[in-house]
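Everything on this sheet refers to the single structure shown next.
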Amino acid sequence: MDLFQLQRRLVDYRASLYHEDFLDEQFSQLQDLQDENNPDFVVEVVTLFFEDSERLLNELAKALEQPIIDFKRVDAHVHQFKGSSSSIGAQRVQKACIAFRNYCEEQNVEGCLKCLQQLRHEYSLVKTKLESMFQLEQQILSAGGSIPM
Amino acid sequence: MARDGGVMWRRTKKIDGEVHVLAVDDSIVDRKVIERLLRISSCKVTAVDSGIRALQFLGLDEEKNSNGFNDLKVDLIITDYCMPGMTGYELLKKVKESSAFREIPVVIMSSENVLARIDRCLEEGAEDFIVKPVKLSDVKRIKDYMTRDFRVGEGEEKERTRKGINKRKLRDSFDDLSSSPPSILSSPPISSSSSSSPSPQSLSPSPSLSPPSIVSASAPSSPSPLDSRTRRLKTTSSE
């Protein structure tokens, strides 16, 4: 695939992520913050997000395994997750968190467990997609091209 | 140096030198983002992960008795509201209670667009309230405030009537809205029943406030005190 095709593919891929609500406007805000002096900003933030998310998912699983569930604690973790996903523009993850918090408020164990599953699913989807996107960007850079806006 | 002179002097510095912002947020992702937003806006940034650390940085913690000298010259504090341990609101109070640091403008960030919360923070002396996720335009607006303070009456009047001005601005902005164009959405008040409220404070909204409504962000180009208050309140998605 030549450079132009790669660039084209990236543009289309990115557009699809927005179109399917994986990403929202906040993500483009982050892209705007990247420049020649900070060329890896987006990758860095997203990497932090991945690490933080994995930590939170573990905490959530643990919290929901307890014989007596501390829903305030569960909610606190989901709140954090909601915040970080919102800050990077991972819209579907954020929405999954919102639904999750409702079940926490109702102290509904079943609902919470289902939401955790859903959250894992959405997170894993956006992670895969962002990684693919970064890979494409890398290919473009390696081919000596620049990343289209 | 006279107090007013002191205020002027610090404000002058913001035009000549770099603004030094102390950013407080327990989220590592948000700290990274706010740091970048501030740096790209030509601010020096110190980012800490808790209110306690913020106080330590300022020299306001229990161990030391601050002699009032703002050694590290923090020009602005921007803090998340919901944090474990000390909330942004509690940090705000501590800063405003301190004779040494009460002049430092404090901006609160929160993912929750709750009127009672906003009101409470402004009444406590917060300069502004940003609904997360934080954007570049939010940071630019804050920076504008700081440089504008210098031009408008050298900051004395503002210092003296800080709380009054803040309350009035909020009230004014809502009065403004009640006769406003269709871009304003009216929705049932959001109750502050979220678990993140620091303490069960009774709501004491000013009687002249029209029923709380969440307004959409229609952004005029140049910030003015009223505009920025209204612009700040974005609609949240289905919460």
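Keep in mind the model is a prediction, meaning the values are calculated, not measured. Chain letters run A, B, ... following the sequence lines, proteins first, then strands; residues in each count from 1.
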What are the two closest heavy atoms between [X] and [Y], and how far apart are they?
| X | Y | value |
| --- | --- | --- |
| B:Val33 | A:Phe41 | CA-CZ, 4.4 Å |
| A:Asn38 | B:Arg36 | ND2-NH1, 3.1 Å |
| B:Val29 | A:Ser87 | CG1-CB, 4.3 Å |

Practice prompt. Return yes when atom CZ of A:Arg8 has more than 12 non-hydrogen atoms of other residues, nucleotides or ligands closer than 6.0 Å, and no otherwise.
Written response: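 Atom CZ in A:Arg8 is not crowded, with 12 or fewer foreign heavy atoms closer than 6.0 Å.
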
Spacing of [X] atom [atom1] and [Y] atom [atom2] [to the nearest 0.5 Å]:
| X | Y | atom1 | atom2 | answer |
| --- | --- | --- | --- | --- |
| B:Lys32 | A:Thr47 | NZ | OG1 | 9.0 Å |
| B:Ile28 | A:Gln80 | CD1 | CD | 11.0 Å |
| B:Asp30 | A:Leu48 | CG | CG | 11.0 Å |
| A:Phe49 | B:Ser27 | CZ | OG | 10.0 Å |

Worksheet entry | Contacting moiety of B:Leu136, where chain A heavy atoms sit under 4.5 Å |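 Its backbone and side chain both get close to chain A.
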
Worksheet item: Taking NZ, NE, NH1 and NH2 as the nitrogens, is one of them in A:Arg101 or B:Glu112 under 4.0 Å from a carboxylate oxygen of the other?
Response: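 Here A:Arg101 pairs with B:Glu112 in a salt bridge, since their nearest N and O are under 4.0 Å apart.
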
Fill in: B:Lys135/A:Asp32 salt bridge by N-O under 4.0 Å criterion
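Between B:Lys135 and A:Asp32 there is no salt bridge, as every charged N stays at least 4.0 Å from the carboxylate O atoms.
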
Discussion item. Can you tell me which of A:Leu33, A:Asp52, A:Asp35 forms the most heavy-atom pairs within a distance under 4.5 Å of chain B?
Written reply: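 Greatest number of close heavy-atom pairs with chain B: A:Leu33.
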
Worksheet item: Is chain B contacted by the side chain of A:Glu51, its backbone, both, or neither, given a heavy-atom distance below 4.5 Å?
Response: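 For A:Glu51, no heavy atom lies under 4.5 Å from chain B.
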
